[in-house]
Every structure is written in C-alpha cells, then in structure tokens.
There are 2 protein chains.
Amino acid sequence: MADSQHDAPAVTARLDDFLCFSIYAAEHAFSRTYKPLLAELGLTYPQYLVMTLLWEEDDQSVGQLGAKLSLESSTLTPLLKRLEAEGRLTRHRDKQDERVVRVKLTSAGDKLRERAAKIPACILSATGMSLDELGKLREQIIQLTKRLEEAS
Amino acid sequence: MADSQHDAPAVTARLDDFLCFSIYAAEHAFSRTYKPLLAELGLTYPQYLVMTLLWEEDDQSVGQLGAKLSLESSTLTPLLKRLEAEGRLTRHRDKQDERVVRVKLTSAGDKLRERAAKIPACILSATGMSLDELGKLREQIIQLTKRLEEAS
DNA sequence: AACGATTAAATCGTGTACGACTAATTACCG
DNA sequence: CGGTAATTAGTCGTACACGATTTAATCGTT
C-alpha cells in the first residue's frame with residue numbers, strides 16, 4: 001500500500017525472491033556440510049577444491065589453479081603456503097620461466113586423496129538428489145555463471 | 001577396485017562435476033556482478049543483503065537478521081558497526097529485553113533504497129534469463145539447501 | 001642488444017565468515 | 001525467592017576473497 005502506487009512493481013523486492021540470495025545460502029550450506037568431513041582431513045573447503053584440482057592433474061601453476069577457481073593470486077598464495085607448511089604440496093619456481101610458480105603434491109598430499117575419496121558420496125546422499133537431477137541443476141547453474149561472466 | 005566392489009568409477013572425481021563447485025563459482029560470479037553496482041552506493045554485497053532485509057522490514061534484531069542470512073553474530077556485529085559508522089543504521093539495546101540489539105535504518109539508509117531499486121533489473125538482464133526460468137531455478141536451489149541443512 | 005610493455009606472483013589493506021569463548025541479561029524451577 | 005540454565009551479542013583468532021600495488025622475469029619491437 002504505502003510503497004506501491006497504482007500498478008508499479010514493489011519498490012523493494014523481497015530478499016527471498018533473489019536468485020543470488022538462494023545461491024549465497026546454498027554456498028554456505030554446502031560449505032557447512034563439507035566442513036566436518038574435511039576437518040577429519042585437516043582441510044578447509046577452498047583447500048579441498050585446490051587439492052581436488054591437483055589430484056586431477058598434478059604440477060599446475062598458481063595461475064592455472066586461479067583460472068579454474070576464479071581466484072586471484074592474492075587469495076591463492078597464502079592458501080598454498082598453508083598447504084605447503086602442512087606438507088601437502090610444494091611450491092617451486094619454474095626453471096623455464098622463473099615468473100611462474102609450479103605447485104606439486106607431496107606423497108602425503110597424494111595419499112590424502114584416498115581418504116577424501118568417500119566425500120563425494122557423503123555429499124550426494126546429503127543432497128538427497130539423483131545423479132541425473134544433480135547434473136541437470138549443475139548445467140543450469142554453469143549456464144547462469146557463464147552469462148554473468150559475459151555480462152561484466 | 002579398492003574403493004568399489006563392481007566396476008570402479010574414477011578414483012578422483014573431476015571438480016567440474018561437483019555441483020558444489022558450480023554453486024561456489026556462481027556465488028563468486030554474482031558477487032562480482034553486483035560489485036560495481038553496489039560500489040556506487042558504497043555497499044558491499046553482504047551489506048546490501050542486510051540493507052535489503054531492513055528495507056523489507058525495519059527495526060529487526062541482530063538475531064533476526066542472522067537467522068535470515070544464516071550468519072553468526074560474530075560476522076554480523078562488525079558488519080553492522082561499519083554500516084552504523086557510515087550513518088546507514090543505528091544499533092540500540094531493546095528496552096524490554098536488554099540482551100537484544102535492535103537495528104534501525106537512518107533516513108540516509110532509507111533513502112538509499114531508491115538508488116538501489118534499479119539493481120535487481122540490472123542483475124536480471126545480466127543473467128539473460130526470464131523471470132520464470134529464474135524462479136524455477138531458485139526453487140530447486142532452495143530445495144537443495146533445505147536438504148543440506150536437514151542432513152547436518 | 002636495448003628498453004618499454006606485458007605477464008606472474010606476492011604483498012598490503014579491507015571486509016566477510018566461522019568456532020570458541022565471554023559478558024550481560026532474562027527465564028525457569030524448586 | 002534465589003540460584004542455575006538459557007539466550008543474546010560481542011570479542012578473538014584463523015582463514016578466505018578481492019582490488020591496488022609491487023617486484024621480478026620475459027617478450028616484442030626495433
């Protein structure tokens with residue numbers, strides 16, 4: 001009443017109507033669901049994402065990891081240093097191009113992969129969704145992300 | 001072999017296959033899309049979420065805001081103090097119950113709502129999706145979030 | 001070979017985000 | 001009525017996350 005004259009849309013949209021907010025909330029929910037599982041491995045959620053990339057393909061540069069995660073070196077460098085201090089990986093300048101730092105798993109980091117292997121199944125069951133549903137939803141979200149990135 | 005009795009799936013799942021990662025990436029993409037729009041108003045993304053809640057309903061407690069955003073007081077208190085320092089809102093102990101702090105918009109904070117009104121439309125166009133598609137996607141993500149919260 | 005432009009990481013400052021703990025207030029129960 | 005439990009914010013320590021800047025190395029052009 002007070003905030004809409006004639007057929008004008010509401011001046012203030014409800015936060016619950018925002019797609020961005022549902023994603024914000026889902027991100028937190030995922031992070032909280034992973035937390036106890038990852039705590040057993042001594043990893044945080046972003047650290048787990050980095051380790052997953054390295055388990056997939058070892059010996060990547062900081063820049064490669066950053067491109068895949070959409071993270072700046074200002075975020076990755078301290079994160080990688082923590083993982084290095086804990087003996088999960090090593091960081092060394094590339095001999096061919098001294099500007100790039102190559103990140104490699106240690107044997108301890110590689111071994112962690114086995115202990116982490118059960119996690120995806122735990123999360124899957126927490127979502128209560130089928131692999132098929134999950135895949136479709138993922139595709140839609142990836143599409144959305146692409147559009148947002150193009151628009152900026 | 002070691003980790004499944006029948007025909008074994010890959011030992012390491014690809015990060016791109018993780019729904020959680022698509023959401024992680026979408027959250028960042030939204031945040032980056034909002035950033036330039038919000039910068040004009042002098043707000044960060046989480047601050048904007050709080051302001052939206054207050055534009056929707058003024059005079060809420062820290063606890064109410066935290067429940068809606070799934071944020072702890074340890075996150076909200078500093079955020080609210082910054083908004084208070086910038087003159088967007090006030091924080092005062094409730095007279096009836098001195099444990100609770102009530103958050104109210106200042107007139108400057110209320111006025112900001114008009115300048116923020118155009119933002120949802122900007123974001124909508126950045127997604128390139130119809131309101132209908134957006135709504136359906138939002139519902140699916142909310143469902144997913146509920147399941148994750150129940151599972152923990 | 002030389003030097004300006006570009007690139008890759010790292011550093012710094014600000015702002016979330018959370019868990020564990022503390023302080024103050026209120027509610028509850030015998 | 002009084003003491004204990006529960007509730008509400010706030011503080012502290014750790015860890016992302018980003019923009020702006022810096023440093024070092026390489027590339028491109030002449």
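Just so you know, these numbers use all the heavy atoms, side chains as well, and skip hydrogens, waters and symmetry mates. Order of the sequence lines fixes the chain letters, A, B, ..., with proteins taken first and strands second; residue numbering starts at 1 for each chain.
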**Asked** Is there a side-chain polar atom (N or O) of A:Arg93 under 4.0 Å from OP1 or OP2 of D:dA25?
**Response** no

**Item:** Heavy-atom donor-acceptor pair, A:Ser73 side-chain to C:dA10 base, under 3.5 Å
**Value:** yes

**Asked** Charged N to carboxylate O under 4.0 angstrom, B:Asp17 versus B:Arg14?
**Response** no

**Asked** Which nucleotide in the set D:dC18, C:dC18, C:dA10 lies at the smallest distance from any side-chain heavy atom of B:Thr75?
**Response** C:dC18

**Message:** From CG of B:Asp94 over to P of C:dT25, roughly how many Å is that when rounded to an integer?
**Reply:** 13 Å

**Complete:** The nucleotide from C:dA24, C:dA9, D:dG19 with an atom nearest the side chain of B:Arg99 is C:dA24

**Message:** Measure CD/A:Glu27 against C1'/D:dA17 and give the value in whole Å, please.
**Reply:** 11 Å

**Prompt:** Which residue lies toward the 5' end of DNA chain C, B:Pro78 or A:Pro78, if each is placed at its nearest nucleotide?
**Reply:** A:Pro78

**Prompt:** OP1 or OP2 of D:dA17 less than 4.0 angstrom from a side-chain nitrogen or oxygen of B:Tyr24, does that happen here?
**Reply:** yes

**Item:** Closest to side chain of A:Thr44, choosing from D:dA15, D:dA17, C:dC18
**Value:** D:dA15

**Prompt:** Base, sugar-phosphate alone, or nothing: which one does B:Leu76 contact when heavy atoms must sit under 4.0 Å apart?
**Reply:** nothing

**Message:** Under 4.0 Å from OP1 or OP2 of C:dT16: is there any side-chain N or O of B:Arg82 that close?
**Reply:** yes

**Message:** If you only use heavy atoms from C-beta on, which nucleotide in C:dT16, C:dT11, D:dG10 is closest to the side chain of A:Ser74?
**Reply:** C:dT11

**Prompt:** Where each residue is assigned the nucleotide of DNA chain D containing its nearest heavy atom, which of A:Asp97 and A:Glu72 is assigned the position nearer the 5′ end?
**Reply:** A:Glu72

**Request:** Under 4.0 Å between any heavy atoms, over every strand shown, what does B:Gln96 touch: base, sugar-phosphate, or nothing? Just pick one.
**Result:** sugar-phosphate

**Prompt:** Between A:Glu84 and A:Arg91, is the closest basic N to carboxylate O distance under 4.0 Å?
**Reply:** yes

**Message:** With a 4.0 Å cut-off on N to O distance, would you call B:Lys104 and B:Asp58 a salt bridge?
**Reply:** no

**Request:** Quick one: label B:Arg102 by what it contacts on the DNA or RNA (base, sugar-phosphate, nothing), any heavy atom closer than 4.0 Å.
**Result:** nothing

**Request:** Select base, sugar-phosphate, or nothing to describe what B:Ser31 touches, counting heavy atoms under 4.0 Å on all strands.
**Result:** nothing

**Prompt:** Is the distance from OP1 or OP2 of C:dG15 to the nearest side-chain N or O of B:Lys81 less than 4.0 Å?
**Reply:** no

**A:Lys68 bridged to A:Glu57 by N-O distance under 4.0 Å** = yes

**Prompt:** Which whole-number value in Å describes the distance from A:Leu80 CG to D:dA17 P?
**Reply:** 12 Å

**Asked** Does B:Glu40 pair with B:Lys118 as a salt bridge, N-O distance under 4.0 Å?
**Response** yes

**Prompt:** Can a side chain N or O of B:Gln47 be found less than 4.0 Å away from OP1 or OP2 on C:dT16?
**Reply:** yes

**Prompt:** On DNA chain D, nearest-nucleotide positions of B:Val100 versus A:Glu98: which is more 5'?
**Reply:** B:Val100

**Message:** Closest approach to the side chain of A:Thr77, judged atom by atom: which nucleotide of D:dA15, C:dA10, D:dA9 is it?
**Reply:** C:dA10

